[in-house]
Amino acid sequence: MDRSRHPVPDRVFNFSPGPAVLPLEVMVQAQEELLALPGVGSSILEISHRSPAFDRILEETLESLRRLLSVGSDHEIIFLQGGASLQFSMVPMNLLRGSGSAADYVQTGTWGITGAKEARREGSVHVAWDGASTNFDRLPPAGAIKLSADPAYVHITSNETIQGVQWKQLPDVGNAPLVSDCSSDFLSRPIDVARHGLIYACAQKNAGIAGVTTVIIRKDMLERSRDDLPTMLDYRTHVKNGSRSNTPPVFAVYILGLVCRWLEKTVGGLAAMDRHNVAKAKLLYDVLDGSQGFYAGHAQPECRSDMNVTFRLPSEALEKQFVAGAVERGLVDLKGHRSVGGIRASIYNAMPVEGVESLRDYMIDFQKTRPA
Ligand SMILES: *Cc1c(COP(=O)(O)O)cnc(C)c1O
């Protein structure tokens, strides 16, 4: 196996869709500080979530997120557990229940559909657009989203992790609050937070490790939650208690904080991160486009994800050989999601350009020398 291009010789290039590759600097710092946080003398894993040391970590992480995403004073940021999947329920519990309106869902892929399914347990759901007829290979064209009369909110999935389609511009939803599931492109590029009623994102794709979900909510949205909600499922509880109404996932918050610091200090912010990500994705899309159909991209070119590059080879047998040959070169976890098949290369923030270049070179070689 040729790992000469990898910065750490016994690490592979890991294209996992999530949990996913982390910045090396972040892991090295976590390793160095694991036994004793500087100035504390105990591990982050051992100290109280109400200690001044953890207070500082949580507050600095919030401030860093506010700077990175330009979150204004109209929005609160909270850290929750239960993954993005719990937000599929919490969003309608808090924003739809008792509203008398429908919640509008734009179904661009697996995650958008799953969100809508959970919302139906809480109230009326209107499917404002559905990509099923073209197998979720695109986003709604201009004017295709049909909103209900007075939606409680309009839900989109910023990046469909499984199909590999990503919004490049936010849709116009009039005065309705826009809710975005940003789980798989959170912190990969700037977000226009001011245009959102609510944003949620689990951390384990781009922003850290499993266990913490970030919710950014416009303050007036909080007035919609009803008093019959279970305490821990009510956004107001977490805002009121500064994300510490019970024990938060301390290690996951700490890692999110390190990732934020890496984005600010090493990368230089989200616009710079976005430029890197677009350039990395282009390396692979150029191979697709130049392969005369050997590599057939799933997403329509104008909706291609910079995070998850999805494509098929001429046969399943070739796809199997492609995945096996990649492992020999230290390129792992390239198999597509079982629901769509094919290949998926997840190239989140922390995937180094060397990893993408290695994959690109392998793709070119494989097409040239493919077994008959
Ligand atoms: C991974 C993912 C989820 C599910 O996240 P969990 O934290 O596993 O619940 C939801 N939405 C999107 C877009 C995702 O990529």
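The basis for the numbers below is simple: all heavy atoms, side chains too, and nothing from hydrogens, waters or symmetry mates. Start at 1 and go down the list; that is how both ligands and their atoms are numbered.
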Trainee: Pull out every atom of ligand 1 sitting under 4.0 Å from any heavy atom of T161, numbered as shown with elements.
Mentor: 12 (C), 13 (C), 14 (C), 15 (O)
Trainee: Closer than 4.0 angstrom: is that true for some heavy atom of Q204 and an atom of ligand 1?
Mentor: yes
Trainee: Given that the side chain starts at C-beta and the backbone is N, CA, C, O, which of these parts of Y200 lies under 4.0 Å from ligand 1, counting heavy atoms, or is it both or neither?
Mentor: neither
Trainee: Looking only at protein heavy atoms, which one is nearest to atom 5 (O) of ligand 1, and what is the separation?
Mentor: A84 CB, 3.5 Å
Trainee: Aromatic rings Y105 and Y153: how do their planes relate, parallel, tilted or perpendicular, breaks at 30° and 60°?
Mentor: perpendicular
Trainee: Please list, in number order, the atoms of ligand 1 under 4.0 Å from a heavy atom of N159.
Mentor: 13 (C)
Trainee: Do you know which two heavy atoms are closest between H49 and F54, and how far apart they sit?
Mentor: O-CD2, 3.4 Å
Trainee: Only one of I191, L187, I156 clears side chain to side chain contact (heavy atoms under 4.5 Å, CB included) with C182; which?
Mentor: I191
Trainee: Quick one: look up the protein heavy atom nearest atom 4 (C) of ligand 1 and list residue, atom name and how far away it is.
Mentor: W111 CH2, 3.6 Å
Trainee: Measuring from the heavy atoms of T213, does anything fall under 4.0 Å of ligand 1?
Mentor: no
Trainee: Out of the candidates P248, S245, S243, only one should pair with I78 under the side chain to side chain contact (heavy atoms under 4.5 Å, CB included) rule; please name it.
Mentor: S243
Trainee: Tell me the protein heavy atom at minimum distance from atom 2 (C) of ligand 1, and give that distance in Å.
Mentor: K205 NZ, 2.6 Å
Trainee: Using atom types as modelled and distance alone, determine if a side-chain donor or acceptor of S16 lies under 3.5 Å from a backbone N or O of G18.
Mentor: yes
Trainee: Do R66 and E63 sit within salt-bridge range, that is, some charged N less than 4.0 Å from a carboxylate O?
Mentor: no
Trainee: Please state which protein non-hydrogen atom is closest to atom 9 (O) of ligand 1 and give its distance, to 0.1 Å?
Mentor: S85 OG, 2.6 Å
Trainee: Looking only at heavy atoms, what is the nearest atom pair of K146 and H126, with distance?
Mentor: O-NE2, 2.6 Å
Trainee: To check your reading of the model: name the closest protein heavy atom to atom 11 (N) of ligand 1, its residue, and the distance in Å.
Mentor: D181 OD2, 2.7 Å
Trainee: Below 30° counts as parallel, above 60° as perpendicular, anything between as tilted: where do the rings of F366 and F322 land?
Mentor: perpendicular
Trainee: Just jot down the ligand 1 atoms closer than 4.0 angstrom to any heavy atom of C202, in number order.
Mentor: 5 (O), 7 (O)
Trainee: Of all the atoms in ligand 1, which lie at a distance below 4.0 Å from a heavy atom belonging to G83?
Mentor: 7 (O), 9 (O)
